[in-house]
Amino acid sequence: MLPTKQMSVQLLRQAFNSSQPPPRMWRSHELKERYDVVIIGGGAHGLACAYYLAKEHGITDVAVLEKSYIGAGGSGRNTAIVRSNYLTPEGVRFYNESVKLYEQLSDDLNFNVMFSQRGHLTLAHTDGGVNTMRRRAEVNQIEGVDSRLIWPDEIKRLCPYLDVSDHPRYPILAALYHPPGGIIRHDAVVWGYAHQADVRGAHIHQNTEVTGIKVKKGKVTGVETTRGRIKTGTVLNATAGWASTITTMVDIKLPLTTIPLQACVTEPLKPFLDVVVVSGSLHVYISQTDRGELVMGASVDPFSSYSMAGSLTFLEGIAGHVLELFPALSNVRILRQWAGICEMPPDYSPIMGFTPINGFLIDVGWGTYGFKASPIAGKTLAELIATDKTPDLIAPFRLSRFEENDLVGEKGAASVGH
Amino acid sequence: MRTEQDTLITPNRLHPKEGEVIDRATTIRFTFDGVEYPAHPGDTVASALTAAGVQVLSRSFKYHRPRGLLCCSGHCPNCLVQIGDEPNVRACTRPVEAGMEVRAQNVWPSLKRDLLSLTQLGSRFMPVGFYYKTFIRPQKLWPLYEHTLRHVAGLGEVHIDTPLGEFDKQYLHTDVVIAGGGPAGISAALGAAEGGAQVLLFDENPTLGGHLRFTVPLDSSSTPEVSKDLPELLEAANQQPNIAVFTDTSVLGWYQDNWLCAVKGTRLFKIRTKSVVVATGAYEVPLIFDNNDLPGVMLGSAVQRLVHLFGVLPGKQVVIVTANEDGWDVAADLQSLGVNVGAIVDEREPNACSSPYRDGLVNAGVPVFYRHTILEAIGSNAVRGAKIARIDERAAISPTTTQSLNCNLIVISMGWTPATELAYMTGGKSEYNEECAKILPVSSPPGVYVVGRASGTHAVDSQIAEAHQIGSTAAAFAGSGEVNKLTAQSSGTLEPRRTSDRVCVPGNKKRFVCYCEDVTDEDVELAIAEGYDSIELLKRYSTISMGPCQGAMCSMNTIHLCARANDWTVQETGTTTARPPTTPVTLGALAGQNMEPVQTTPIHQWHLDHGAAMMVAGLWLRPNHYGDPAAEAMGVRERVGLIDVSPLGKLQLTGPGVPELLERIYTNRWENLRVGRVRYGVMCNDEGVVLNDGVCAHLNDETWYMTTTSTGATTIFEWLQWWLQSGWGEGIHLTDLTDVYSAFNLAGPQSRAVLEKLTERDLASKAFPYMRIRSAKIADVPCRLLRLGFTGELSYEVHCPSGYALHVWEALMEAGREFGIAPFGVEAQRILRLEKAHIIVGQDTDAMSDPLSANMAWAVKLDKPDFLGKPSLMRISDEGLKQLLVGFKMADPDVVPDEGLQIVEPDADGRLKIIGWVTSSRFSPTLAAAIGLCWLPPELASQDGAPFTIRIDGHLKEARVQHSAFYDPDGERLRM
Amino acid sequence: MSTSKTPTKLTPLRSIAQRLGATFTEEQGWRIPEVYTAAEGEITAARERVVLADETPNGKLLLEGDHADSVLMDALDLGSLQINEGSDRIYRLRNDIFFMSTPPGREVRVQKKLTTTSAVSKQFVTITDITHGRAEIRVIGPDSQELLSKVCGLDFHPSAFPNETAKQSSLAKTTQLIIRRDIGELPAFSIIGTQSLGPYVWDTMMEAGREFGIVPIGRAALAALEEE
Amino acid sequence: MLLLTCPNCGDRNVSEFRFGGELSSRPKDPSALSSAEWANYLYMRNNVMDAQTEWWHHNAGCGLWFLAERHTRTNEVIKTYPYAKRNA
């Protein structure tokens, strides 16, 4: 069935005869005996991969297995920042492709993902911080990404509520200004990809948890789930925070430690914050949604855990740091806090592609920077599955790099990027 | 007393009543949207406005429909106002203050005539999730549309010049916390206190009593008056010394191991308790029908709050819509106040109603309509009538029986849903109870209990009895820690005050499920039909319960609608996750008093008094320069300078095991370091990454004195403690002396001449060679002297006990006056060390750099048996370096590349390829040249003088590799 | 070491005391505030509310070693102490770590005695004089527990923090050693941490104590309180 | 906030401690290891969603490094003990 006509046309039809049921965004199917490809994890990465497998490689006999509802993991818990102003050339090139895909994603998916390229500021509070921002600005410019170092007067113009006066502890010396960076409606990315993958024949199975992976003579033969067994020769692990719990099913250890990342949201306010603001040393980032809420997050928790309960320590810390940057917000109220989990690799760079087990592929190591890579990760892994070759763009992120002592330098700047 | 003038200004104010919380003797004034209104101390903004007849308080988020009081208990969004520079204030709980400036939010041009409500005309094209289906193409137009969307959305305003308020925090420790001070809460507190426990009792209202403050006791005689239970409970609580009461205090959240957070105005409490009793009561559930959001449609408890607490009657002609005895309570209550109860509309069969007030009301001529419900609230800006009709068991409306009743107040009393966010945060489980149509808590982790309406118990006497026993159970658990048998939730005394599960009455206008986000029942159906069927997907797509009320008013109804549309049971439908905070809390309260630790050296004041520009280095504040860093650097080269290096990490290692430890943690060799000698060393982790560098001196036979970088001091101290406590600590003690000694580096050709004036110690190189340590009295103070060479000049680093710091510093400055001594800061030090090509760990190296690549191969002895990082460094040296840190000099001395710039090489088709980057660079006043350190490919870095290009502002500037130090390459000046 | 010409030692809180208008005196070579406003007012504040005093001059010794307890037994016939328990101003912080507080100036002699004892008994114990490395702020008065509960998460209720107890914990986001050593009936706590954080901790405590009417007190008032 | 029992000081808020990562002891003779084995020690982690033995440091307290057994999904701390008692 061709992708539905203009979504806005469907909106009009809906307006005039609401009796007729609207088309379902994704259908529920019986679990087939066999699929060509099984993708574990119904988040933005898994669904994007299913979409690109169908759209660009005609592979449609695909099952996306999600243990809860689609987008229940990291995809529904992140603070929806999209940017490409990374440190290493490999990182910048990779994320720049992702931003380009995001720029036409609404059109591709026929679903407005509300990508708001409003500009992204990373503040520097020390000389060392300024040098790191300059390093990123220069690498970005050389790699064709719009980023530059700006000084307090321009920072104040872009973000009037920011306190650029001389703080004793956290003076704002400069900022890395990245105009293409911004925020997006993260759930809409999940729903858009799910819709277009479903329309092209992929089966999305919610409330279906993988409990085992069958391997014979070093090759994947099938998976066991809470709704029955599936035969397949290709399994992609796209479970991010839970990546290690899946990979142990094929007796492989990964260089990952799962740590909670918390965030919170305030009551809706009239618009006053037009850019995304991130502070390296204060480990805080903040943006204002189109509905007027401030969405705020910080660095990962101080200790590893799979618990998504959240802590008071996080709320206290982020409130103090946000008021350090925006003293006018002391009367703004927090409405809700939540947490996701991030699997942190040693070099803050993803781990994608082949593993020693034939047919078992991984799309993991996404730390605190996974959502912004969803389109390009899905696209490159779809190409890898279709061609059985690693695309150049993601060659630096192979699992074997740790054994080959060829880590990616993204951790070099050591400041936690968001 | 009510004066004539009063009745004009406040038509809805009743005569004084027993139990009201206002002080009628005093009248204060405040403004709402510029109009002045009277109020009494104790009034809330909402009660004062209602007294004056104001009904419309705000406009709804999406359609900008007029909104008035609904819950009057701070849970719904309808009374959100701006007060001064505080946005999103709940008018119904915020006490009035004289001179308050209250303004409506998100209205244009005004609350009365809000043109933004014209969006309703297009509501047909704005169903749930419409923004996902619009403005997809052309992409260019999206920012314009988004701009308008943003300016229509949002509620309160943040003023740019809002002052940072005064906030603080307090930790509390207790045996039992009671969250909620209603009858169940007070009773549980009494039970726990009588069990010998220390009890903290929290209640969000100004006074204890919960719903007893404004409701009619169920089983009393026909003339309702405020319950007699309350005074007894309050009296008992007052007598009990173990109970500390906190009113106006909301318990915001439960966190692991019974860690609670509560807020009272500008103070945040952080409470560690052994057990917690949740007595947070229940929310009254709204009914969904046409125009159910019209001002004048109010919940029964809201009307009773206004009447009994503030003596305000929101409407003279009332229609009561109910499904249980609550409606009849309110009717009797209003009837006794002389209000004209126009009708009681009860959806049940006549025999299902067991209200004790039924006969009284019927005899008083109040019309009763059984098996009826409300179809529509009639009116545009406020209620002027109610359309009702008969319904059959399948909730089908029989159109012929519709009739309209005149009224200006519609009371909704369809039942309650437990307020259990706090209970479920603890991991407590819930189950849907068919009998009372409520989702009730059925299990809680040890030390967590739920009582009263929150657990589903409705009758006051059952609440009191149960809660008292659970209170003593909680105390027992707090005392002994073992789980008492009675942890099962409320037993048989559960009196099934049933909540209606007919949540929605069909109609043809707009029926609101979620007041905050303007979500209608049609939106819910459409969303579920489109595939957003699970309760979590439905919430995220429709944004139901994501507004200011966080589900208090809409969760229960949404679950019923979702179950019905999916044909699931309520239990299968489930609930969304309960998350702190239970009520919104300000950033200021969460931040509390500003506590950002700052470390200063003992002579910090001297620096400020002498014009130092300070900089932040980790937690330290240090002098960056005293006005002219270049001159300061030249001063050290030509004469003598003094720098405060007190933040340097200083560790003492004692014991026979130290030599072997040094062998293991440093990359170079240590065992032949004789007493009095000092050696530079580099520390790596097992990945071979440079962690820290510094010197270590052999002070006397079993004492070593190690320095680390200032920002690395704490981490290295903890890192060393780990190695010592996990197997390598035999015969070693480690003590942090960082702050015991202040350290001043006296550097320059005249440094010896200066120091000789202050000590008898022979400072000549023969007696005190380079890289040696000596004890010496400097200006009568016992110090440690080290001859080091970070700046490249003859220099003596004076480590003196911190109490003598100012004395020694001033003595050195005084002794140096004749030699033209001047203080120098970090900036000058950076120039001096760069002229010597000395690296700074953390600036020239980063979290991936190894010592071999950082050109410190001379400090790495791979023939040592083992040391931290050796296997990785062996591998790196076998496989060859990927990049090398090396010195460079700019071809053009006037071009000083900023640190962080990239080193590039155009490839075949002119694209720039990054081959390295600049870590350090300065203009050297001594050499009149632009010098620096950078990372380069080894093949380029290994050719002394090789040219390469740095990209500066888009242009490629030439630089040349320089292997030798830029200044005194052979280090003669150090050894003078 | 000749003390005649030895210069005066300054505490890290000196600039603050100057700013608050203290007059100074000298005690055992340390320059410390004698009085800020008037001794009587400062004594009353201590008795009725809460006050801060700069007691940095108190001697501070750190004993490390698995046999530290036996050295203390031999040298000062100290009985065995539980963790966090103290007697005669000697506190056990860990099996292998003791903290000793001495009146100003007395630390040198005590250290010498301990060093010789451990040398004689050939037990590997390290005794370090860390007096110059620590700021010591004394919090005295009936409101001291409530003030401390605004900056530190420990339970200061007498049942949890009895007299002559020493606990290390985070206070105002810094690591501090907190020792309860009452003055007669008056609860009193010593806050001992690295001297570079002294000014920050003092300022934070003064700010947190404003609601109690906190004031600084000098040597005169403190001596009077301790004599009663 | 998690309450962690320091073997020396007793129950304290987790904010007084620093997490040291899952327990993995340094190989006795590193030079005998292949690159893969050495990389395995350096980088690979079990990262279980189950009971895990891990290091903690009471850095704002007594400076003790000790071991804890904690369930990483619920954060329930099963027990804490000094390193010396690891195979007790």
Side-chain angles (χ1 to χ4, degrees), chain A residues 7-8 10-11 14-15 21-22 24-26 69 76 89 104 106-107 110-112 116 126 128 131 134-135 138-139 142 160-161 169 187-188 267-272 290-292 309 311-312 315-316 319-320 322-323 327-338 405 407 409 411-412 414, chain B residues 85-88 124-125 130-137 139 146 149-151 153-158 160 162 164-165 253 255 261 526 529-531 534 536-537 540 548 550 579-581 584-588 590-591 596 598 616 843 846-848 875 898-902 904 912 914 917 951:
Chain A
M7 189 58 84
S8 32
Q10 184 234 314
L11 185 73
Q14 184 64 40
R24 274 187 77 93
M25 291 286 283
W26 46 83
Y69 58 91
Q104 18 117 355
S106 294
D107 194 31
N110 195 8
F111 196 73
N112 191 347
S116 169
T126 60
N131 293 348
R134 181 178 296 116
R135 189 174 160 190
E138 292 297 311
V139 171
I142 293 167
Y161 280 69
R169 284 292 286 110
D187 290 320
E267 291 176 328
L269 300 160
K270 297 309 282 183
F272 70 93
D290 288 344
R291 288 156 27 94
S311 70
L312 177 60
L315 280 185
E316 296 178 82
V322 164
L323 290 183
L329 301 187
S330 56
N331 291 325
V332 167
R333 285 176 179 73
I334 296 287
L335 205 51
R336 187 173 174 85
Q337 72 172 119
W338 67 91
N405 203 15
L407 274 65
K411 183 178 178 186
Chain B
D85 52 32
E86 189 178 354
N88 303 330
R124 173 187 294 279
F125 307 104
F130 69 93
Y131 29 80
Y132 299 127
K133 302 167 188 166
T134 50
F135 281 90
I136 295 167
R137 289 170 207 85
Q139 188 71 7
E146 188 197 13
L149 192 69
R150 289 192 70 200
H151 282 85
L155 293 174
E157 290 158 1
V158 178
I160 196 165
T162 309
L164 186 62
Y255 296 93
C261 174
L526 177 63
E530 286 187 293
S534 85
E536 292 281 0
L537 279 175
R540 283 166 171 69
Q550 283 294 291
R579 293 273 192 197
V585 53
T586 61
L587 284 173
L590 287 169
E596 288 287 344
V598 175
V616 174
Q843 164 156 345
D846 60 28
M848 309 289 293
R875 178 128 179 240
D898 284 321
E899 289 162 347
L901 291 182
Q902 299 297 301
V904 293
L912 293 180
I914 296 173
W917 60 285
R951 178 177 180 272

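Keep in mind that this is a model prediction, so the values were computed, not measured.
Summarising the geometry, atom CD belonging to A:Gln337 is positioned 3.5 Å from atom OH belonging to B:Tyr255; distances are rounded to the nearest 0.5 Å. In this structure, CG on A:Leu269 lies 9.5 Å from CD on B:Glu157, to the nearest 0.5 angstrom. Taking CG of A:Leu329 as the start and OG1 of B:Thr586 as the end, the distance is 11.5 Å to the nearest 0.5 Å. Here the CD-CG distance, from B:Gln843 to A:Asn131, works out to 6.0 Å after rounding to the nearest 0.5 Å. Atom-to-atom distance recorded for A:Asp107:CG and B:Gln139:CD is 7.0 Å, nearest 0.5 angstrom. One finds the CD1 atom of A:Ile142 at 5.0 Å from the CD atom of B:Gln902 (value rounded to the nearest 0.5 Å).
Between A:Ala328 and B:Val158, the closest heavy-atom pair is O-CG1, 3.6 Å. Among all heavy-atom pairs drawn from B:Ile914 and A:Pro89, the shortest one is CD1-CG, 4.0 Å. Nearest heavy atoms, B:Glu899 versus A:Arg134: O-NH1, 2.6 Å. Annotation for B:Arg579 and A:Ala309: closest pair NH1-O, 3.1 Å, computed over non-hydrogen atoms. Between A:Leu323 and B:Ala591, the shortest heavy-atom distance links the atoms CD1-CB, 3.8 Å. What you find for B:Ile160 and A:Tyr161 is that their closest heavy atoms are CA-CE2, 3.4 Å.
Proximity to chain B (any heavy atom under 4.5 Å) is restricted, for A:Val322, to the side chain, taken from C-beta onward. Only the side chain of B:Arg875 has a heavy atom closer than 4.5 Å to any heavy atom of chain A. For a residue to count as touching a neighbouring chain, one of its non-hydrogen atoms must lie under 4.5 Å from one of that chain's; by this rule B:Glu596 touches chain A with backbone and side chain alike. Using a 4.5 Å cut-off between heavy atoms, A:Asp187 contacts chain B through its side chain alone, with no backbone atom that close.
When each of A:Gly128, A:Ser106, A:Ala188 is checked for heavy-atom pairs under 4.5 Å with chain B, A:Ser106 comes out on top. No other option in B:Gly588, B:Gly165, B:Pro580 has as many heavy-atom pairs under 4.5 Å with chain A as B:Pro580. With chain A as partner, the option from B:Asn88, B:Leu912, B:Val904 having the largest number of non-hydrogen pairs under 4.5 angstrom is B:Asn88. Of the residues considered (B:Val598, B:Leu901, B:Thr162, B:Val585), B:Val585 shows the highest number of contacts with chain A, using heavy-atom pairs under 4.5 Å. Note: A:Ser330 leads A:Gly292, A:Ala319, A:Ser330 in heavy-atom pairs under 4.5 Å with chain B.
By the 6.0 Å contact criterion, CZ on B:Phe135 is open, its count of non-hydrogen atoms from other residues, nucleotides or ligands being 12 or less.
In this structure, A:Glu267 and B:Leu155 have side chains that are not in contact, with every pair of non-hydrogen atoms separated by 4.5 Å or more. Using a 4.5 Å cut-off on side-chain heavy atoms (C-beta onward), B:Arg150 and A:Lys270 make no contact. Counting heavy atoms from C-beta outward, A:Asn110 and B:Arg137 have side chains that approach closer than 4.5 Å. Here the side chains of A:Asn331 and B:Pro87 are in contact, with some heavy-atom distance below 4.5 Å. A 4.5 Å side-chain heavy-atom check between B:Leu526 and A:Pro22 finds at least one atom pair inside the cut-off.
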Checking side chain to side chain contact (heavy atoms under 4.5 Å, CB included) for the pair B:Asp846/A:Arg135: CA distance, chi angles, key distance, verdict?
CA-CA 12 Å; B:Asp846 60 28; A:Arg135 189 174 160 190; 3.4 Å; yes

Is there a side chain to side chain contact (heavy atoms under 4.5 Å, CB included) between B:Arg951 and A:Glu138 once you walk through the steps?
CA-CA 8 Å; B:Arg951 178 177 180 272; A:Glu138 292 297 311; 2.9 Å; yes

